[in-house]
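Taking it in order: structure first as structure tokens, then the write-up.
A, B, ... follow the sequence lines: proteins, then strands. Residue 1 opens every chain.
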Protein chains: 2
Amino acid sequence: MTRLESADTTTMQILKVAASHFAEKGLAGARVDEIARDAGVNKATIYYHIGGKAELYSEVFRANMHQSAEKLLSNVASKTSAEDKLRAYITTMVENLHDNPCAAPMMMREMASGGENIPEEGLNYVMRIFMTLTEILKQGQEEGEFRESNPAITHLMIIGSIMFYAAGEPMRQKLMTLFDGELPQQVFTDDGRLAAEISDLLVHALKN
Amino acid sequence: MTRLESADTTTMQILKVAASHFAEKGLAGARVDEIARDAGVNKATIYYHIGGKAELYSEVFRANMHQSAEKLLSNVASKTSAEDKLRAYITTMVENLHDNPCAAPMMMREMASGGENIPEEGLNYVMRIFMTLTEILKQGQEEGEFRESNPAITHLMIIGSIMFYAAGEPMRQKLMTLFDGELPQQVFTDDGRLAAEISDLLVHALKN
DNA sequence: GTCTATATACCGATAGAC
DNA sequence: GTCTATCGGTATATAGAC
């Protein structure tokens with residue numbers, strides 16, 4: 001546990017505000033002045049406590065990934081059957097992205113730039129999460145529960161679905177205000193139902 | 001057809017190079033100087049022919065969307081059954097994103113920022129593409145071919161899967177060099193097969 | 001540890017020669 | 001239409017007082 005994970009309220013507040021700015025504007029688009037203003041601290045405080053903009057970004061990314069990935073790996077490990085593990089994987093990921101709305105936009109930006117600014121610990125987690133799903137799929141296939149599938153594509157499909165759902169809220173709002181009358185009504189319900197629907201669709205796609 | 005769609009080689013070259021820069025670095029991260037250098041033109045030429053950085057971005061986005069969306073809508077319209085339309089929808093989208101590697105990263109960045117910099121024509125296309133899929137799903141359900149599903153979630157799942165696949169190539173490369181030995185081998189084949197695999201998975205998820 | 005003031009560098013955009 | 005040179009604004013980062 002590094003210094004920056006400590007419960008220093010000033011630092012935590014900076015990280016929290018920085019996350020939303022990085023999510024909405026990206027590393028290049030975010031402004032240190034604005035982060036300081038919205039966090040209610042002097043700009044020099046950020047440099048004193050954390051370092052430059054790049055360190056701030058790395059720490060935000062690292063902390064998010066750490067928390068989400070540990071919960072995901074733990075929840076999956078608590079199940080035994082492949083389908084239960086897959087549902088736990090999907091449900092936990094939906095929950096994580098719901099609890100932390102900045103995570104999906106930040107990860108999508110990183111995908112777009114080839115993961116250039118993902119800190120090393122983050123890449124390790126990306127890898128572990130991928131390998132975990134690969135093993136779930138392998139287990140399901142060996143037990144005859146899942147049909148054969150390319151694990152890389154399946155992985156991308158699951159992650160992509162959930163990420164796009166999680167990051168898509170502002171876009172949906174924009175489209176709904178622009179094309180009010182033309183959209184089919186009642187497409188969105190509560191988050192619990194949505195996680196279940198995504199799980200159902202994906203499990204349905206993979207099962208024999 | 002606007003002036004910027006004309007076959008002026010200088011302008012086309014600028015747009016082509018700008019697309020790759022916007023895809024990799026985003027609007028805020030891209031540098032006009034670098035775009036001019038890589039396009040082999042003087043920086044002032046960009047301002048003379050196109051306008052500022054924002055106009056350059058808008059035009060790149062608009063032209064990409066226009067070309068991709070027209071092809072998508074046309075290919076879907078040429079089919080009759082819901083499954084054929086769905087396969088055409090998915091296959092054409094995969095092809096489009098393959099032919100234009102900048103499209104997926106740019107769209108993912110726009111998702112992350114709530115579509116803030118999508119020009120109006122682009123938003124119209126986003127809406128038409130969404131409505132097209134909604135109607136395909138509706139047709140399939142009415143004909144008893146597809147099971148019931150929330151169209152918004154289904155839509156996000158399809159788009160998300162394909163976008164993540166298309167934009168994920170640099171990330172895959174990064175992970176493959178970092179975690180060479182640990183990855184399962186032969187996960188990636190040729191693009192035609194990949195499009196088919198994605199189609200199969202998604203159609204399988206939706207069919208009764 | 002927190003503030004003000006400022007250094008330093010960069011970047012988008014343009015003026016003006018040709 | 002294309003070049004050079006440069007302006008003006010802005011952003012990161014820091015020095016130094018308190």
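Of the possible polar contacts, one joining the A:Lys53 side chain to the A:Ala30 backbone as a donor-acceptor pair under 3.5 Å is found. Panel note: side chain B:Arg109, backbone B:Glu24; a donor-acceptor pair is recorded below 3.5 Å. Without hydrogens or angle criteria, B:Arg62 side chain to B:Gly122 main chain gives no donor-acceptor distance under 3.5 Å. Under a 3.5 Å cut-off, the side chain of B:Glu110 and the backbone N or O of B:Asn117 do form a donor-acceptor pair.
With rounding to whole Å, B:Ile50 atom CD1 is found 12 Å from C:dA13 atom P. Whole-Å rounding puts the B:Asp33 CG to D:dA5 P distance at 15 Å. A:Tyr48 has its OH atom 13 Å from the C1' atom of C:dC3, to the nearest Å. Regarding A:Asn42, its CG atom lies at a distance of 6 Å from the C1' atom of C:dT2, rounded to whole Å. For A:Arg37 and D:dT12, the CZ to P distance is 12 Å, given to the nearest whole Å. In this structure, CD of A:Glu55 is placed 12 Å from C1' of D:dT12, rounded to the nearest angstrom. The nearest whole Å value for the distance from the CZ atom in B:Arg31 to the P atom in D:dT10 is 15 Å. As rounded to whole Å, 8 Å separates atom P of D:dA11 from atom CD of A:Glu34.
Proximity note for B:Val32 (side chain, C-beta onward) versus D:dC3, D:dA13, C:dG12: the nearest is C:dG12. Checking D:dG1, C:dG12, C:dA15 against every side-chain atom of B:His49, the shortest atom distance belongs to D:dG1. Out of C:dG12, C:dT2, D:dT2, the shortest distance to the side chain of B:Tyr47 is found at C:dG12.
In this structure, a donor-acceptor pair under 3.5 Å is absent between the side chains of B:Gln139 and B:Glu135.
For the OP1/OP2 pair of C:dC3 and a distance below 4.0 Å, the side-chain nitrogens and oxygens of A:Thr45 include at least one atom meeting the criterion.
As judged by a 4.0 angstrom heavy-atom cut-off over every strand, A:Ala54 is placed among residues making no nucleic acid contact.
Side-chain atoms of B:Lys43 and base atoms of C:dA13 include a donor and an acceptor less than 3.5 Å apart.
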